[in-house]
Amino acid sequence: MNKCLFLSALLGLLLWACNDDPLQPELYGNIRGIVQEADGTPIVGAQVSTNPATVSVETDSLGEFAIDSILVRNYSIVAQKEGFRDRTQTVELTDEETVNVTLTMTEQTENNDPPSVPTLLEPSDDATDVERSPILRWTASDPEEDALTYTVQVFSSVDTTTFIQTTTDTFLQVPNLRLETSYLWTVSADDGNNPPVTSTVQRFTTKEFPDYRIHVVKEDTITGNLVIYAAEEPVLDGSGNAQDSLELIPLTDPGVNSWRPHLNPQRNRVAFISNRNGENHLFLMDRNGDNVEQLSSDARPISGGFNVYDLNYAWEPNGERIIYPSNNRLYWINISTRSTVQYAQAEPGFDFVEVDIALSNDPIAVDPYFVLARQEGEDRYDTRILLYNPSLQSNVLLDAKDSLIRGQLAGPIFSPGDNLMVYSEDQQTGTNFDQIPRDAVLFQSNYQGNPLTSKEALPVGPNAAGPTVLSPALPPAGLRRLLANTPNDTGNPFGNIVRGDLAGGGSGEVRALVYPNATMPDWQ
């Protein structure tokens, strides 16, 4: 009987393990090297270890060693042997990579005193509001005035990678630390004749995450994936010029594709699209990039149309729901309960691609929103923009297939504070083989009137005859906007984001380049 109970328990445990979410694979790499004297003579029997600790090995008759299958991260490789001074070298280990190192040891010199213990100067111990790329400063001296080499370590319980770097200066800038995070740091000094001496450990905390209301998307130069950034708001001077550089803070992992960020009305969470689970889904994250979670269900991914980068969705003004396209349907999804409710269904042969909402001024309307939605049919030219009014009566405002120039439509979005909608329309006649917009121009029209007869072309950027214009973003108030100017001779979605000041209107509009090599601006 006991044996049966044991087998039943074991079977239940196995079933539980099979149903559990799969763990992310751990990544491993290898380190190979040689330990030698300054003249190249191999040092036999030297002990080689790592910090953080993995294994300790001994060099062979050729002075060579191998440390295989260790977790990828930054390591300090330490070589030690009696009669020689310790030698340390920092390496960066990546997935399935073999890193080769050479450690040159010198004989220990008698009557040579070690350097002083480094004194950490900046940031001071327990400092707060430290910049995310701080400059660390320290001081040390050597009795014989030997040249000193310093090894700096910065680590925290949040970051998985410890920053380790050597330098001969008494200062070092640490790039791109996490905001609102506590870090520990220490410095060791090496005079080349004695074992290194190490400072005490001090703590500092980086500054709070800024209240940035703009988000943009850039392509990672290494992985090629799209990465979402929180962006400092551009301010133009009297000549229409922006500051030379604006702070951009990466929020998403460059190892996965993430795009179309939209900050919620409460400005504490960011929604975005990502295919990190194999399908395109809506995700949520805190405004600093933490606590990423999938929002849309596996049964109802965000999908539709010919290009996943055209997909777009909208927050409900109170932040409780998001409306998004899933092939031929529009769904409301509740943020707290994850429940979905169908809002509209397209006619046969059409998919929803983009959607935006605006509050209705009708005090007795059952549904308090106007909804704009773009659909695509058999090709990217077979596209139309529909308006759903508060009584759920839909009206086709624009139909590219009926247009004389057969241009593509993109957008649309509502303009806050008025009855206007803004959308992009390709002005090139005919049909492009690759169906890429070549001469897209922004238009605005009163969606409570007749957009086909009342549309007005908007100024589009510093080079009106060159880049095509897509992805407009309008702030909640004020005559300003962000525009993504993309090259009109390639299919690359990345150009530059410019800011336009609409107060002048027409040719008097003030425009400035603000975010180079970026797209999909969001301004809340």
- Message: Taking the ring centre of each residue, are His215 and Tyr229 less than 6.0 Å apart?
- Response: no
- Calculate, to the nearest 0.5 Å, the distance between atoms CD and OG belonging to Glu279 and Ser274 respectively. 12.0 Å
- Query: Is Arg276 paired with Asp253 through a side-chain N to carboxylate O contact shorter than 4.0 Å?
  - Reply: no
- Message: Among Trp138, Phe171, Trp185, which residue satisfies the ring pair (Phe, Tyr, Trp, His ring centres under 6.0 Å) criterion with Tyr150?
- Response: Trp138
- Item | Heavy-atom check, side chain of Gln47 versus side chain of Thr59, under 4.5 Å | no
- Evaluate side chain to side chain donor-acceptor pair (under 3.5 Å) for Asn225 paired with Asp220, printing each intermediate quantity in order. CA-CA 5 Å; Asn225 288 323; Asp220 185 74; over 6 Å; no
- Item | salt bridge (Lys or Arg N to Asp or Glu O under 4.0 Å) against Asp211, all qualifying residues, sequence neighbours excluded | Arg267
- Are a donor atom and an acceptor atom from the side chains of Asn275 and His281 found within less than 3.5 Å of each other? no
- Residues Asn280, Ser303; criterion side chain to side chain donor-acceptor pair (under 3.5 Å); working and verdict: CA-CA 7 Å; Asn280 301 316; Ser303 56; over 6 Å; no
- Please name all residues satisfying side chain to side chain donor-acceptor pair (under 3.5 Å) with Glu316, sequence neighbours left out, ordered by chain then number. Arg321, Tyr369
- Task: May I ask you to decide if the ring planes of Phe272 and Phe283 are parallel, tilted or perpendicular, using 30° and 60° as cut-offs?
- Result: parallel
- Message: Is the distance between the ring centroids of Trp259 and Tyr309 under 6.0 Å?
- Response: yes
- Under 3.5 Å, is there a donor-acceptor pair linking the side chains of Thr186 and Ser199? yes
- Under 3.5 Å side-chain donor-acceptor pair for Glu354 and Tyr313: no
- Looking at Glu293 and Arg269, does any basic side-chain N land under 4.0 Å from a carboxylate oxygen? yes
- Query: Are Glu131 and Lys207 ion-paired here, with the side-chain N under 4.0 Å from a carboxylate O?
  - Reply: yes
- Query: Would you say the side-chain atoms of Ser182 and Arg203 include a donor-acceptor pair closer than 3.5 Å?
  - Reply: yes
- Rounded to the nearest 0.5 Å, the CZ atom of Arg32 sits from the CZ atom of Phe65 at a distance of 10.0 Å
